[in-house]
Amino acid sequence: MLGFFFYLKLNYTLGGRKMIVVMKPGTKQEDIENVVKEAEQFEVEALAVTGKMQTIVCLTGNTVTVDIKHLEAQSGVESVKRIQEPYKQVNRVVKKEDSVIEVAGVKIGGGHFFMAAGPCAVESREQLMTIAQAVKESGANFLRGGVFKPRTSPYAFQGMGYEGLLLLQEARAKFGLPIVTEFMSVDHIQYADMVDIIQVGARNMQNFEFLKELGKINTPILLKRGFSNTIEEFLMAAEYIMAGGNKNVILCERGIRTFETATRSTLDISAVPVLQKLSHLPVVIDPSHAPGVSWMVPSLSKASVAVGADGLIIEVHNNPKVAVSDAAQQLTCEEFADLAPQIRRYVELEGKTF
Ligand code: PEP
Ligand code: MN
């Protein structure tokens, strides 16, 4: 009750902002002064408010740099609570309108639907050209295809590498489809000019050194949510890229690990409205990696559009049975040709275009 009173008082006197440090009942004055001093080291304003039994210290200013653990470790501190989110650049509070990423003549977000399709991995010229032509004819506006593959086994196919990048470029020139492909390390950033969007895979979502380097370029980044990461961690990963200066970030929900074993991952559909409420960045869904099986892709795609996603990235293969990776989840070109117009109708129903 006392805490609630303090909270209301702070909201009123200080605009309801930022962070509060709750001191233990009966804390000595010198401990309170110490907390104020320690907080001020992070270049925020600190104000102690003392009630009958307890004191809280209110922090305002740019609290994103405040080290919560450091304050928690100070003598007399009971808890430290953020009242405002720890991310700034990605925050809807900071930028009210939807971000629209414009790349190679394609707009993504703010009513413009991203429809990427293509193989899990680029395997050969013939394979890629066949698929690129098919997905283009079906209305995709982006071609996906992995050339650096994050495989669970070191003995599995690791991707065609640079040679695969050249094939992606060839397909882009031939079919007029911009390309999105995964980079796995800082070393791969040297190829940034060869692609239209760089994908950061689920396994690399918290590779902070990589994220920092991606912040230094302008190529748009499709950032996938790690399979064990919270929405806040996901947004903080996007914050890393944006804090470095690269404002072109697209968030991608691709399923998370839960207790459920019936699907490869559990598609967190509710992440879409949550992310769109908290952030201004476009939010797309990968309905292929989440279930891990192709028969679920159509229904999850429709659900994604209905929940408000700004796009889809779907795996399509000309002969999934012989695919070198993710064989079970890739749609055939015919299945994608059947699905694409259905998706388009859902997209139109949502008042969006692609
Ligand atoms: C992929 O897109 O092929 C991929 C490996 O995705 P994720 O990082 O979501 O598993
Ligand atoms: Mn895949």
Side-chain angles (χ1 to χ4, degrees), residues 113-123 127-128 130-132 134-135 138-140 142-147 149-153 155-159 180-182 199-205 222 224-229 251-272 283-309 311-347:
F113 200 77
F114 172 70
M115 184 63 256
C120 175
V122 176
E123 298 171 17
Q127 174 244 21
L128 185 65
T130 307
I131 299 168
V135 300
S138 297
F142 247 86
L143 174 66
R144 67 147 286 152
V147 299
K149 295 303 301 174
R151 306 305 301 280
T152 303
S153 166
Y155 310 113
F157 176 65
Q158 302 287 307
V180 50
T181 196
E182 177 166 355
Q199 173 177 316
V200 174
R203 294 155 189 82
N204 258 322
M205 190 207 86
L222 181 90
K224 287 190 155 192
R225 179 179 178 183
F227 21 71
S228 299
N229 289 113
L251 303 170
C252 179
E253 161 62 39
R254 46 78 72 214
I256 50 172
R257 281 223 172 123
T258 66
F259 55 82
E260 185 54 73
T261 54
T263 47
R264 185 180 182 183
S265 302
T266 299
L267 183 62
D268 184 7
I269 282 280
S270 53
V272 175
V283 183
V284 308
I285 280 194
D286 174 345
S288 304
H289 288 87
V293 284
S294 61
W295 64 268
M296 256 186 254
V297 174
S299 40
L300 294 184
S301 299
K302 291 173 200 166
S304 303
V305 183
V307 85
L312 289 164
I313 177 163
I314 299 179
E315 286 193 342
V316 178
H317 197 284
N318 56 332
N319 190 359
K321 284 195 217 67
V322 300
V324 296
S325 60
D326 288 347
Q329 71 197 30
Q330 304 200 58
L331 295 182
T332 62
C333 296
E334 295 71 30
E335 285 167 339
F336 183 70
D338 187 47
L339 176 62
Q342 298 181 52
I343 294 174
R344 193 183 292 276
R345 282 202 294 278
Y346 274 67
V347 170

Out of curiosity, [X] [atom1] to [Y] [atom2], how far, rounded to the nearest 0.5 Å?
{"X": "Ser304", "Y": "Tyr346", "atom1": "OG", "atom2": "OH", "result": "11.0 Å"}
{"X": "Leu267", "Y": "Glu260", "atom1": "CG", "atom2": "CD", "result": "13.0 Å"}
{"X": "Ser228", "Y": "Arg203", "atom1": "OG", "atom2": "CZ", "result": "11.0 Å"}

*Taking everything shown except Phe227 itself, do over 12 heavy atoms lie less than 6.0 Å from its CZ?*
yes

Given side chains that start at C-beta, do those of [X] and [Y] come closer than 4.5 Å, heavy atoms only?
{"X": "Pro150", "Y": "Asn204", "result": "no"}
{"X": "Leu312", "Y": "Pro287", "result": "yes"}
{"X": "Leu339", "Y": "Ile314", "result": "yes"}
{"X": "Leu143", "Y": "Leu128", "result": "yes"}
{"X": "Gln342", "Y": "Pro298", "result": "no"}

For the side chain of [X] and the backbone of [Y], is there at least one donor-acceptor N/O pair under 3.5 Å apart?
{"X": "Ser138", "Y": "Ala340", "result": "no"}
{"X": "Glu123", "Y": "Val324", "result": "yes"}
{"X": "Glu335", "Y": "Val316", "result": "no"}
{"X": "Arg144", "Y": "Cys120", "result": "yes"}
{"X": "Gln158", "Y": "Ala156", "result": "yes"}

_I'd like to know whether Ile269 forms a side-chain contact (heavy atoms from CB on, under 4.5 Å) with Ile285, so could you lay out the CA-CA distance, the side-chain angles of the two residues, the decisive distance to 0.1 Å, and finally the verdict._
CA-CA 9 Å; Ile269 282 280; Ile285 280 194; 4.2 Å; yes

_For Phe113, give me all partners under ring pair (Phe, Tyr, Trp, His ring centres under 6.0 Å), at least two apart in sequence or on another chain._
Phe354

*Would you please name every residue forming a salt bridge (Lys or Arg N to Asp or Glu O under 4.0 Å) with Glu253, sequence neighbours left out?*
Arg225

Which heavy atom in [X] sits nearest to a heavy atom in [Y], and how many Å separate them?
{"X": "Ala290", "Y": "Gly255", "value": "CB-CA, 4.0 Å"}
{"X": "Gln127", "Y": "Asn318", "value": "CG-OD1, 3.6 Å"}
{"X": "Ser301", "Y": "Ile343", "value": "CB-CD1, 4.0 Å"}
{"X": "Gly226", "Y": "Ile256", "value": "O-CG2, 4.0 Å"}
{"X": "Ala337", "Y": "Pro341", "value": "O-CD, 3.0 Å"}
{"X": "Lys149", "Y": "Ala121", "value": "CD-CB, 3.9 Å"}

*Pick out which of Arg254, Lys224, Gln199 makes a side-chain hydrogen bond (donor to acceptor under 3.5 Å, both in side chains) with Asp286.*
Lys224

*Could you go step by step and tell me if Glu315 and His289 meet the side-chain contact (heavy atoms from CB on, under 4.5 Å) rule?*
CA-CA 8 Å; Glu315 286 193 342; His289 288 87; 2.7 Å; yes

*What pairs with Ser270 under side chain to side chain donor-acceptor pair (under 3.5 Å), at least two apart in sequence or on another chain?*
Asp268

*Test log, rule side-chain contact (heavy atoms from CB on, under 4.5 Å), inputs Asp326 and Ser288*: CA-CA 9 Å; Asp326 288 347; Ser288 304; over 6 Å; no

